Amino acid sequence: MKIALLGYGKMGKIIEQIAISRKHEIVLKIGSQNTHELTSENLQKADVVIEFSTPHTVLSNIEKCFAAGVPVVVGTTGWHKEMDQIKEQCNHFNGSLIHGTNFSVGVNIFFHVNKLLAKLMNNYPYYEVQVEEIHHTQKLDAPSGTAITIAQGIIDNLDSKQEWKNVLVTDDKADDDTAAANEVLIESLRIENVPGTHTVIYDSEIDTIEFKHTAHNRNGFALGAVLAAEWLQNKKGFYPVEAMFNFNN
Ligand SMILES: NC(=O)c1ccc[n+]([C@@H]2O[C@H](COP(=O)([O-])OP(=O)(O)OC[C@H]3O[C@@H](n4cnc5c(N)ncnc54)[C@H](OP(=O)(O)O)[C@@H]3O)[C@@H](O)[C@H]2O)c1
């Protein structure tokens with residue numbers, strides 16, 4: 001496949017290596033310094049776009065992909081509030097889009113088991129649940145998109161929770177680390193060089209159950225994004241990343 005990379009930062013560069021190792025060709029790379037090259041004509045040289053840019057640029061980049069009629073894999077996080085609007089646009093343009101806060105296979109297994117665990121914990125209301133996420137200090141959004149997906153998985157399956165609340169912990173101290181009974185608390189920590197660690201914690205007076213995913217590097221996210229690009233070929237529509245895993249069958 002011919003691939004266009006929108007965003008050529010930490011992720012874009014690893015995606016390039018993995019795509020080439022899987023015999024794909026990179027035909028366009030866009031960063032903040034060459035956005036003038038982001039034209040319909042250039043996009044149409046690609047079979048698929050992989051978008052890992054910034055929360056500020058992702059929406060207009062997606063629109064450009066729809067307008068050019070090129071399928072797009074969206075890994076950028078921090079735009080979940082605009083999801084419905086983008087889904088409508090996708091339908092309007094008869095476009096193809098797959099999006100995920102985390103494309104790693106391991107994290108998608110984690111998402112699935114997190115939901116099963118939350119459902120099970122309805123029977124044990126004396127455990128209080130909390131999510132902790134740790135990322136590198138350059139990360140622009142907090143909480144991480146992955147942590148939001150985890151919290152949403154809990155909210156959808158644990159009857160006592162309806163919302164999430166985020167606390168950014170700095171210098172080992174959170175401003176306000178309390179949450180209402182119906183809220184899932186997400187604690188965000190920023191530590192140098194951490195690619196992404198997520199822990200779901202069920203705590204009681206008697207014991208603590210911890211369910212944890214640790215990314216050792218960014219390769220899992222990048223491979224998942226390339227697999228998603230391969231999966232999206234010849235498909236129309238708006239897909240969450242779970243669509244390519246099929247865990248329920
Ligand atoms: N879904 C997943 O599996 C997953 C995994 C990891 C990260 N992410 C998300 O992916 C995004 C990128 O992460 P990263 O670590 O690669 O960030 P990064 O290293 O900061 O890279 C962002 C890139 O976007 C470029 N950019 C700026 N404006 C642009 C525009 N208008 N069009 C296209 N590119 C533009 C930047 O260009 P310059 O270099 O010129 O500034 C930079 O190359 C973040 O939202 C992150 O949370 C998702």
Side-chain angles (χ1 to χ4, degrees), residues 3-19 26-40 42-43 46 49-65 67-68 70 72-83 86 97-111 133-150 152 166 186 188 190-198 213-229 231-232 239-245:
I3 297 177
L5 296 176
L6 304 194
Y8 191 57
K10 291 181 282 299
M11 284 303 301
K13 292 188 175 78
I14 302 172
I15 291 168
E16 177 180 39
Q17 287 169 14
I18 290 183
I26 306 299
V27 292
L28 183 68
K29 299 176 206 174
I30 300 291
S32 65
Q33 302 304 308
N34 67 335
T35 48
H36 56 279
E37 292 179 37
L38 186 44
T39 60
S40 267
N42 280 340
L43 283 172
V49 169
I50 301 184
E51 214 288 347
F52 278 72
S53 67
T54 75
H56 316 294
T57 52
V58 58
L59 295 177
S60 77
N61 285 350
I62 293 173
E63 281 173 35
K64 286 176 184 146
C65 295
V70 184
V72 56
V73 175
V74 183
T76 304
T77 53
W79 59 283
H80 63 281
K81 289 192 188 122
E82 324 307 325
M83 192 73 79
I86 293 294
L97 181 149
I98 183 165
H99 65 91
T101 55
N102 200 312
F103 277 95
S104 124
V105 174
V107 164
N108 281 278
I109 294 168
F110 186 94
F111 285 159
E133 59 106 345
I134 311 174
H135 280 88
H136 53 90
T137 49
Q138 298 89 46
K139 184 157 179 65
L140 296 180
D141 48 331
S144 68
T146 304
I148 294 173
T149 305
I150 292 168
Q152 197 57 51
N166 182 230
I186 307 176
S188 300
R190 294 293 172 259
I191 299 174
E192 219 44 65
N193 296 326
V194 177
T197 301
H198 293 86
H213 180 274
T214 306
H216 299 310
N217 52 49
R218 294 183 173 83
N219 294 8
F221 313 133
L223 173 63
V226 176
L227 292 174
W231 181 88
L232 194 59
Y239 300 97
V241 66
E242 302 91 273
M244 71 184 227
F245 288 103

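Just follow the structure's listing: the first ligand is 1, and inside any ligand the first atom is 1. Model, not experiment: these values are computed from the prediction.
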Smallest separation among heavy atoms of Phe103 and Val74, with atom names: CE1-O, 3.4 Å

Spacing of CD1 belonging to Ile3 relative to CD1 belonging to Ile15, to within rounding of 0.5 Å: 9.0 Å

Nearest non-hydrogen partners of Ser188 and Pro143, listed with the distance: OG-CA, 3.5 Å

Contact (N/O only, under 3.5 Å) between Arg218 and ligand 1: no

Test side-chain contact (heavy atoms from CB on, under 4.5 Å) applied to Glu51 and Met11, step by step: CA-CA 10 Å; Glu51 214 288 347; Met11 284 303 301; over 6 Å; no

For atom 31 (N) of ligand 1, the option (of Thr57, Asn34, Asn108) bearing the nearest heavy atom: Thr57

Distance-minimising heavy-atom pair for Ala222 and Ile18: CB-CD1, 3.8 Å

side-chain contact (heavy atoms from CB on, under 4.5 Å) evaluation trace for Thr146 with Phe111: CA-CA 9 Å; Thr146 304; Phe111 285 159; 3.7 Å; yes

Subset of ligand 1 atoms that lie under 4.0 Å from at least one heavy atom of Gly9: 16 (O), 19 (O), 21 (O), 23 (C), 42 (C), 43 (O)

Stepwise side-chain contact (heavy atoms from CB on, under 4.5 Å) test for Tyr239 and Leu97: CA-CA 6 Å; Tyr239 300 97; Leu97 181 149; over 6 Å; no

Closer than 4.0 Å: a protein non-hydrogen atom to atom 39 (O) of ligand 1: no

Shortest protein heavy-atom distance from atom 10 (O) of ligand 1, along with the residue and atom involved: Phe52 CD2, 3.4 Å

Contact atoms of ligand 1, heavy-atom distance to Gly75 under 4.0 Å: 1 (N), 2 (C), 4 (C), 8 (N), 9 (C), 10 (O), 48 (C)

Contact (N/O only, under 3.5 Å) between Ser104 and ligand 1: no

Test of proximity, Gly12 against ligand 1: N or O pairs below 3.5 Å: no

Atom 41 (O) of ligand 1 - nearest protein heavy atom and its distance: Ser32 OG, 3.3 Å

Contact partition for Leu38 relative to ligand 1, non-hydrogen atoms under 4.0 Å: neither

Distance-only N or O hit between ligand 1 and Gly100, under 3.5 Å: yes

Location of contacts on Thr76 toward ligand 1, heavy atoms closer than 4.0 Å: both

Shortest non-hydrogen contact from His99 toward Trp79: CB-CZ2, 3.8 Å

Shortest protein heavy-atom distance from atom 2 (C) of ligand 1, along with the residue and atom involved: Thr101 O, 3.4 Å

Enclosure of Glu192 CD (heavy-atom neighbours >12, cutoff 6.0 Å): yes

Interfacing atoms of ligand 1 (cut-off 4.0 Å, heavy-atom, Ile30): 32 (N), 33 (C), 34 (N)

Worked check of side-chain contact (heavy atoms from CB on, under 4.5 Å) between Ile186 and Ile150: CA-CA 10 Å; Ile186 307 176; Ile150 292 168; over 6 Å; no

From Gly7, Ser53, Gly196 - option closest to atom 11 (C) of ligand 1 by heavy atom: Ser53

Shortest protein heavy-atom distance from atom 16 (O) of ligand 1, along with the residue and atom involved: Met11 N, 2.8 Å

Any donor-acceptor N/O pair, Asn108 side chain to Val105 backbone, under 3.5 Å: no

Numbered atoms and elements of ligand 1 in range of Thr35, under 4.0 angstrom, heavy atoms: 30 (C), 31 (N)

Shortest non-hydrogen contact from Ala228 toward Ile98: CB-CG2, 4.0 Å

Which atom of Ser144 lies closest to which atom of Arg190, heavy atoms considered: N-NH2, 4.2 Å

N or O pair under 3.5 Å between Thr77 and ligand 1: yes

Taking atom 17 (O) of ligand 1 as the reference point, the nearest protein heavy atom with its distance: Lys10 NZ, 4.1 Å

Numbering as shown, the atoms of ligand 1 that approach Lys139 to under 4.0 Å (heavy-atom distance): 47 (O)

Atom 3 (O) of ligand 1: nearest protein contact (heavy atom, Å): Phe103 N, 2.8 Å

N/O separation below 3.5 Å, Pro55 to ligand 1: no

Top protein contact for atom 32 (N) of ligand 1, by heavy-atom distance: Asn61 ND2, 3.2 Å

Within 6.0 Å of NE2 in His36, more than 12 heavy atoms from elsewhere: yes

